[in-house]
Amino acid sequence: MHKYIAKRLLLILPTLLGAAVLVFFLLRAIPGDVCEVRLAGSGLYVDEAEIELCREKLGLAKPLIVQFWDFITGYVVWDLGDSMWTGKPVTEEIGLRFKLSLQVALMATLVAVVIAIPLGAISAIKQDTWIDYVVRSFSIAGIAMPSFWLGILIILGLLIGTQHFLGTPWMPPIEYVSPFKDLASNMAQLIWPAVATGYRYSAVATRMTRSALLEVLREDYIRTARAKGMTEKIIINRHALKNAMLPVFTIIGIEFAFLMGGLVVTEQVFNLNGIGKLFVESVQAQDFAMTQQLVMLVVLIAVVTNFVVDLVYAWLDPRIRYA
Amino acid sequence: MKSSLFKQGVAAIVGIAFALGAVTVSVAAPKKGGILNFVVGSKIPSYDGHIESTFGMIHPIRPFYSLLFRVNPDNPADPTDFQCDVCEGNIPSGAKGGTEYTFKIRKGLQFHDGTPLNAHDVKATFDKIVFPPKGVASNRKAMFKMVKSIEVPDDHTIVFTLKFPSGAFIPSAGMPFNFIYSKKDLDAHGYEWHKKNVNGSGAFIFVEHVAGSHVAGKRNPNYHHAGKPYLDGFRAISAPKMSVRLQAIRGDRAAIEFRGFPPKARDDLVKALGDKITVQESDWNCALMFTVNVNHKPFDDKRVRHALTLAVDRYEASKYLANIAIVKTVGGIVFPSHPLAATAAELEGSLGFSRDIKASRAKARALLKEAGAEGIEFDFNNRGVDQPYKVVGTWLVDQWRQVGLKPIQRVQPSPQFYATLRKKKDFDVTVDFNCQSVVNPIADVSKFLCSAGNHYSGCENAKLDVIYDRLLKAETPAQQRSIMREFETEVFDTAGTALTLWWYKINPHRSYVKGWKIAPSHYLNQSLDQIWLDK
């Protein structure tokens with residue numbers, strides 16, 4: 001097992017380095033820079049010398065290779081640089097948003113798991129009955145419907161519904177409050193995006209649970225268990241479901257990694273001050289320092305999540321860790 | 001006769017009494033208290049007004065600072081009405097042939113940290129803006145080219161001496177970016193300190209800024225405008241997406257957005273909330289234009305450029321585009337309601353502004369034929385922002401097709417759009433715009449100089465520089481007006497950049513927001529000291 005973990009860990013480094021090279025050079029291949037957006041973007045008069053001065057101050061006038069060296073060596077001394085837009089440390093800007101994105105991702109995952117595993121299991125057990133058809137329709141609708149669009153519908157529904165029934169339109173709060181400070185306000189804001197993203201997430205996981213369970217239920221050892229006279233409940237819970245969970249965990253892992261930074265539009269729709277919104281803003285502003293660190297963060301989350309999924313695989317299936 | 005006079009007298013007294021009563025009823029006394037929540041669609045780069053140029057900084061940060069003087073908050077629609085802020089009395093008209101402006105600074109002023117504010121702080125501020133040391137950024141120093149020196153004869157007097165009389169000085173000095181900084185802060189912390197720190201003397205005291213979320217301010221009890229501000233505080237909530245800002249007002253998470261909404265959003269809000277929404281509208285000191293790259297054939301030929309402007313029916317656009325986009329008014333190079341702007345008659349006689357569009361388009365076709373450019377296909381660069389760029393851009397494509405041209409619209413995100421405009425210059429025709437804060441025509445029209453840093457056509461016209469130099473130094477409004485017409489005619493004839501329509505500002509807000517009046521720019525009237533909540 002230790003050898004297996006070491007091998008997986010060693011694969012992380014070249015992946016991160018490759019991502020760093022790609023993100024750094026691809027960003028700079030895009031025309032324009034933060035100084036032009038910041039000083040000339042509003043259409044007001046701008047002095048060319050001021051734009052040059054801005055570039056010098058932000059290090060954009062340095063040769064590309066020097067900028068890359070600064071970027072890479074920053075990791076060694078844990079100096080990820082300052083945002084080119086706000087001048088504040090990147091770590092501070094990301095840290096501020098990370099807790100919100102993490103909370104939404106966790107809540108959406110919870111919503112997804114709570115919906116997906118029971119529904120997927122029921123759908124498989126009741127294959128080709130009306131229950132199965134209802135669950136499949138529900139999950140296909142979830143896959144077909146983008147979460148940001150569902151988010152827009154939720155907000156409009158709340159505004160119109162509350163105005164109709166209560167006389168005053170109500171919408172979720174548009175500012176984040178920590179759950180430790182005011183749990184009710186926190187939930188009033190985050191439950192809606194969690195439902196909007198969790199539904200789509202659950203739809204994918206439901207279908208995966210159903211097909212994985214159907215496959216397992218046709219295995220010889222399940223037939224053997226039935227022949228031994230085991231109850232269906234024990235067969236499903238103890239033998240089938242555990243083995244069917246392998247691909248479901250992969251999906252949950254991938255989706256969770258996506259939620260940490262991938263909710264770019266949903267965060268905009270609900271005005272969530274998370275990683276996704278920061279991503280959009282930094283790309284729009286050509287804030288190279290922020291964008292490249294955000295990409296690296298998402299890559300890191302994806303890599304770590306994959307690593308954790310691999311470990312779970314190995315724990316669930318001894319053939320993997322002994323291979 | 002006596003009886004008749006008596007009756008008339010009584011009637012007059014009763015009438016006056018009713019009139020006074022009506023005034024008392026309609027102009028309710030401002031109520032104190034409450035927090036104003038408003039949404040801001042752009043984000044804060046730094047807090048330094050002397051460097052930044054986005055309303056994303058002005059809206060949340062301006063309430064913390066005072067200016068030397070400002071656009072009159074009770075009459076912001078008048079582009080020539082200024083009012084003292086830290087100065088007192090009237091805005092001076094230049095002495096010594098218009099080359100000396102003396103301002104008296106109020107006594108007893110103080111910054112939020114308790115440091116007294118006097119003329120030395122105002123001088124330190126304007127020295128930073130006008131004469132920044134090498135390596136120190138000051139984004140608008142070029143607007144103060146006429147300033148020779150700034151002197152402080154005593155603690156409460158500041159004197160600006162100009163190299164030559166200029167009608168551009170007062171509007172430049174009244175720009176909302178000219179935050180008054182404490183000399184003590186500048187001396188102790190240097191010129192970069194205000195990027196990340198706030199110490200002003202404005203109506204509100206800085207409480208917190210949570211990046212990407214909000215800026216909060218609380219009432220300044222020592223504010224120098226008696227009885228103000230009325231609010232206990234404000235909260236500027238960051239909301240980049242327009243639909244969120246709109247819904248925030250509808251759901252009362254915010255009471256107002258100061259930049260402006262498109263007509264459809266206004267209509268939706270009014271339909272949903274009725275009299276709970278008040279709408280204020282104004283011409284906007286932003287001109288939407290198109291710029292032609294004279295270094296690309298056949299646009300090096302003035303006849304082709306003239307054809308492009310002749311093909312555009314601005315008057316019809318004013319009627320119909322105004323229903324879907326934030327543009328409305330037909331105007332020349334000067335903000336339409338300013339005394340220096342062309343009159344309707346003057347405008348109609350200018351190239352591209354005739355009301356006879358059939359004749360204009362026939363002339364455009366003839367010019368294209370003469371120049372051998374009939375039916376040419378060309379690249380039309382546009383900015384990937386709906387309002388008003390993409391809407392107006394699509395309309396322009398149709399206008400040019402009316403004379404047989406075949407523009408191919410290339411819509412790019414803002415950074416790439418600017419790179420095309422400023423560095424790559426690989427466009428044939430591009431959307432362009434001129435947005436300013438204080439209406440300052442003499443400074444604002446510098447955009448039309450071929451030699452200007454923010455002019456992108458690549459044209460060469462020394463005559464424009466000569467006329468502009470005369471305009472800059474013209475002493476009387478009559479002289480300025482006459483020279484402005486000469487300049488405008490030359491701009492239209494050069495046709496490097498041509499006007500489409502002026503922007504139109506629409507601010508629907510919750511009706512309980514009182515005291516705020518719309519200005520011709522989203523940068524103006526943002527001290528928030530006159531706002532109160534009628535809740």
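Each chain gets a letter, A, B and so on, in the order its sequence line appears, and its residues count up from 1. Since the structure is predicted, the reported quantities are computational estimates derived from the model, not experimental observations.
Between chain B and the residues A:Glu92, A:Lys277, A:Gln284, the largest count of heavy-atom pairs under 4.5 Å involves A:Lys277. Here A:Asn271 is the residue among A:Leu158, A:Asn271, A:Thr86 with the most heavy-atom pairs under 4.5 Å with chain B. Listed options A:Thr168, A:Leu96, A:Asp287, A:Ile160 were ranked by heavy-atom pairs under 4.5 angstrom with chain B; first place goes to A:Leu96. Each of A:Glu56, A:Lys57, A:Met84 has some count of heavy-atom pairs under 4.5 Å with chain B, and the biggest count is that of A:Lys57.
For B:Ser213, the parts lying under 4.5 angstrom from a heavy atom of chain A are both the backbone and the side chain. Residue B:Arg422 touches chain A through its side chain alone, counting heavy-atom pairs closer than 4.5 Å. In this structure, no portion of A:Leu278 lies under 4.5 Å from any heavy atom of chain B. Using a 4.5 Å cut-off between heavy atoms, A:Leu53 contacts chain B through its side chain alone, with no backbone atom that close. Contacts of B:Ile44 with chain A are made by backbone atoms alone, with heavy-atom separations under 4.5 Å and no side-chain atom involved. The contact between A:Gln268 and chain B is made by backbone and side chain atoms together, counting heavy-atom distances below 4.5 Å. With a threshold of 4.5 angstrom between heavy atoms, B:Pro240 approaches chain A through its backbone and through its side chain. Heavy atoms closer than 4.5 Å to chain B are found nowhere in A:Val280, neither backbone nor side chain. Looking at A:Asp33, the atoms closer than 4.5 Å to chain B (heavy atoms on both sides) all sit in the side chain, from C-beta outward. Contact annotation for A:Pro172: only backbone heavy atoms (N, CA, C, O) come within less than 4.5 Å of a heavy atom of chain B. Proximity to chain A (any heavy atom under 4.5 Å) is shown, for B:Lys43, by both the backbone and the side chain. For B:Ser238, the parts sitting under 4.5 Å from any heavy atom of chain A are the backbone and the side chain alike. Interface residue A:Glu93: only side-chain heavy atoms are found under 4.5 Å from chain B. For B:Phe417, no part lies near chain A; criterion is any non-hydrogen pair under 4.5 Å. Only the side chain of B:Val39 comes within less than 4.5 Å of a heavy atom in chain A; its backbone stays farther off. For A:Ile152, no part lies near chain B; criterion is any non-hydrogen pair under 4.5 Å. Only the side chain of B:Arg235 comes within less than 4.5 Å of a heavy atom in chain A; its backbone stays farther off.
Defined by atom type and a distance below 3.5 Å, a donor-acceptor pair is missing between the side-chain atoms of A:Gln286 and B:Ser414. Between the side chains of B:Asp275 and B:Ser511, no donor-acceptor pair of N or O atoms lies under 3.5 Å. Under 3.5 Å, the side chains of B:Glu52 and B:Asn139 contain no donor-acceptor pair of N or O atoms.
Taking the six-membered ring wherever Trp is involved, the centroid distance between the rings of B:His209 and B:Tyr47 falls below 6.0 Å. For B:His522 and B:Phe55, the ring centers sit closer than 6.0 Å to each other. Taking the centre of each ring, B:Tyr389 and B:Phe433 come in below the 6.0 Å mark. For A:Phe68 and A:Phe25, the ring centers sit closer than 6.0 Å to each other.
Cation-pi geometry between A:Arg28 and A:Phe24 is satisfied (NZ or CZ under 6.0 Å from the ring centre, within 45° of the ring normal). Annotation: cation-pi geometry satisfied between B:Arg140 and B:Phe177 (NZ/CZ under 6.0 angstrom from ring centroid, within 45° of ring axis).
Classification of B:Asp252 and B:Lys276 as a salt-bridged pair fails, no side-chain N sitting under 4.0 Å from a carboxylate O. Salt bridge status for B:Arg253 with A:Glu175: absent, with no side-chain N to carboxylate O gap under 4.0 Å. Under a 4.0 Å N-O distance rule, the pair B:Asp432/B:Lys447 qualifies as a salt bridge.
Annotation: A:Trp149, atom CH2; neighbour count of heavy atoms from other residues, nucleotides and ligands within 6.0 Å does not exceed 12.
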